[in-house]
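Scope of the values below: all heavy atoms of this structure, side chains included, with no hydrogens, waters or symmetry mates. Letters A, B, ... mirror the listed sequences (proteins, then strands); counts begin at 1.
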Protein chains: 2
Amino acid sequence: MTSSNTRRKPGRPKEGPELREVILDKAELLFADHGFNGAKVRDIATEAGVNQALVRYYFGSKQDLFDAVVRRRGSVISGARHVLLDELLSRGVAPTVAELVRCYLRPQWEMKNSGSNGAAFVRLQARLHAEQEEHAFRLRREVYDASVKRYIQALSEVLPEIPKEVISTRMAFAVGTYMFMLNDLGRINDLTDGQVGDLGGAALLDQLETFISAGLAAPLNS
Amino acid sequence: MTSSNTRRKPGRPKEGPELREVILDKAELLFADHGFNGAKVRDIATEAGVNQALVRYYFGSKQDLFDAVVRRRGSVISGARHVLLDELLSRGVAPTVAELVRCYLRPQWEMKNSGSNGAAFVRLQARLHAEQEEHAFRLRREVYDASVKRYIQALSEVLPEIPKEVISTRMAFAVGTYMFMLNDLGRINDLTDGQVGDLGGAALLDQLETFISAGLAAPLNS
DNA sequence: GTTGAAATTATGCAAATGATTAATTATGCG
DNA sequence: CGCATAATTAATCATTTGCATAATTTCAAC
């Protein structure tokens with residue numbers, strides 16, 4: 001019931017209110033809250049104040065809609081990671097692990113704090129990463145792998161004593177760490193019996209950075 | 001088509017082949033692979049070689065079936081964590097962080113390597129932790145919180161210089177780390193371009209332990 | 001034996017759901 | 001103006017899906 005209920009007439013609109021984007025926004029929210037199978041195309045259309053067939057008109061199948069949602073912001077995150085890494089590497093001075101981690105995390109963090117839809121996308125990502133279907137694997141690889149691999153390479157150079165396979169493995173751990181926690185802030189309060197106050201702030205990002213940096217740079221166990 | 005196709009007659013069976021357990025096993029697999037919404041009660045029944053109404057007879061609703069699946073092994077994991085922690089604490093010598101982490105992880109790890117269904121349950125857990133519905137939150141709290149909180153307490157005593165809220169937060173990170181990675185071994189190979197050989201073995205557990213221990217024990221950032 | 005409870009099946013409904021089709025309207029171009 | 005094209009709706013179809021009911025068979029106790 002969030003959408004306007006002025007009945008829209010069929011036909012080409014005078015000045016398109018970007019219905020395509022509205023659909024993407026609402027789909028993002030519903031996919032995030034209910035998952036791919038749990039979200040219904042009907043509900044997405046209704047929320048967007050749009051006929052169900054319009055969703056199909058723009059995106060084709062439900063799966064295609066989902067992919068479009070993932071790609072829209074996933075590419076933003078991946079792109080920002082590339083840019084930040086470029087900046088860091090072109091600085092002359094070799095970066096620290098913590099700096100690399102921060103650059104890696106920042107795009108996610110900023111998206112999460114960029115209004116309700118950014119947060120929804122972060123939740124959606126977590127679901128995507130728990131998904132087992134081959135299609136989900138492919139989508140993740142397509143959207144995220146390139147940037148992650150560059151960070152692995154950069155970390156490898158900063159941590160020459162740690163074999164690259166180990167760095168890769170640890171980076172996969174790191175993905176789990178932040179993915180899960182960005183998705184699941186409430187959980188932290190469960191575990192602390194609410195002793196932790198305002199965790200939405202930068203303090204949490206600092207803690208995350210500390211945790212991941214320490215894990216990545218940990219000495220090899222003999 | 002994995003199940004026998006000898007047509008079973010209705011009525012009380014001579015000697016129950018524990019159909020209840022068979023149903024739980026198949027439900028576990030399908031929930032793990034397709035999620036709560038993606039798994040269909042019909043398919044679960046078919047896989048179990050059983051009439052759909054029997055599922056309802058034993059478990060009631062689909063949601064109740066799901067809960068039963070989660071509780072069955074979730075309680076085993078939680079229980080084992082308690083036992084291992086008791087052992088460690090009653091040893092006299094104060095445990096190390098790595099020892100605590102190892103005790104915490106071992107039940108999960110062993111379940112994962114205890115045959116196909118254990119691995120399925122681990123995947124199912126990851127999905128459960130990505131779920132946003134209130135029901136999922138409640139279930140997770142019910143099954144896991146008590147044991148996690150005990151480990152937080154124990155870690156707190158071993159790491160007196162780190163405030164307990166910080167430990168709690170880091171423990172939440174740790175949950176993400178292992179949950180995600182147990183679920184997602186294949187991902188590691190994606191990121192390493194297959195350079196990592198046999199990662200199913202104990203080497204991976206060691207690496208996970210190293211990563212999490214370092215993260216938990218990391219010095220506070222000023 | 002009869003009987004009653006337990007376990008199991010066949011059958012089927014009503015709602016939800018993804019997709020589809022045909023109609024409708026506005027816009028820009030020749 | 002007339003017409004092809006783009007954007008949008010109403011309507012509905014075919015399937016899937018969770019749940020329900022009634023029937024059937026076996027077992028154990030009396």
With B:Ser78 via side chain to side chain donor-acceptor pair (under 3.5 Å) - residues at least two apart: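 B:Ser78 satisfies side chain to side chain donor-acceptor pair (under 3.5 Å) with B:Ser147 only.
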By side chain to side chain donor-acceptor pair (under 3.5 Å) - contacts of B:Gln125 (at least two apart):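 With sequence neighbours excluded, B:Gln125 shows a side chain to side chain donor-acceptor pair (under 3.5 Å) to B:Gln108, B:Tyr144, given in chain and number order.
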Under-4.0 Å side-chain N/O to phosphate OP1/OP2 contact, A:Arg56 with C:dT20: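 For C:dT20, OP1 or OP2 has a side-chain N or O of A:Arg56 closer than 4.0 Å.
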Phosphate OP1/OP2 of C:dA6 contacted by B:Tyr58 side-chain N/O (<4.0 Å):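 Looking at the OP1 and OP2 atoms of C:dA6, neither is under 4.0 Å from any side-chain N or O of B:Tyr58.
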Atom pair distance, as rounded to whole Å: [atom1] in [X] and [atom2] in [N]:
X       : N      : atom1 : atom2 : answer
B:Leu54 : D:dA23 : CG    : P     : 19 Å
A:Phe59 : C:dT20 : CZ    : P     : 17 Å
A:Ile23 : D:dA7  : CD1   : C1'   : 11 Å
B:Asp43 : D:dT16 : CG    : P     : 10 Å
B:Arg42 : C:dT11 : CZ    : P     : 14 Å
A:Asp64 : C:dA19 : CG    : C1'   : 13 Å
A:Tyr57 : C:dT21 : OH    : C1'   : 15 Å
A:Asn51 : C:dA23 : CG    : P     : 16 Å

Geometric class of the A:Phe66/A:Phe31 ring pair [parallel <30°, tilted 30-60°, perpendicular >60°]: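 Judged by the thresholds at 30° and 60°, the geometry between A:Phe31 and A:Phe66 is perpendicular.
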Shortest non-hydrogen contact between B:Glu133 and A:His34, atoms and distance: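 Shortest heavy-atom contact: OE2-ND1, 3.3 Å.
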5′-ward residue of the pair B:Lys62/B:Ala53 relative to DNA chain D: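 Closer to the 5' end of DNA chain D: B:Lys62.
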Those residues of residues 31-40 of chain B lying under 4.0 Å from DNA chain C by at least one heavy atom: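 Result for residues 31-40 of chain B: none.
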Side chain to side chain, B:Met181 and B:Leu204, heavy atoms closer than 4.5 Å: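 With C-beta onward as the side chain, the pair touches.
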Among C:dA19, C:dG12, D:dT9, the nucleotide that comes nearest once only the side chain of A:Gln52 is considered: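 From the listed options, C:dA19 comes nearest.
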CG-CG distance between A:Leu24 and A:Leu65, expressed to the nearest 0.5 angstrom: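 Rounded to the nearest 0.5 Å, the CG-CG separation comes out at 6.5 Å.
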Pair B:Tyr178 + A:Phe173: ring centers closer than 6.0 Å: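 No, the ring of B:Tyr178 stays outside the 6.0 Å limit from the ring of A:Phe173, centre to centre.
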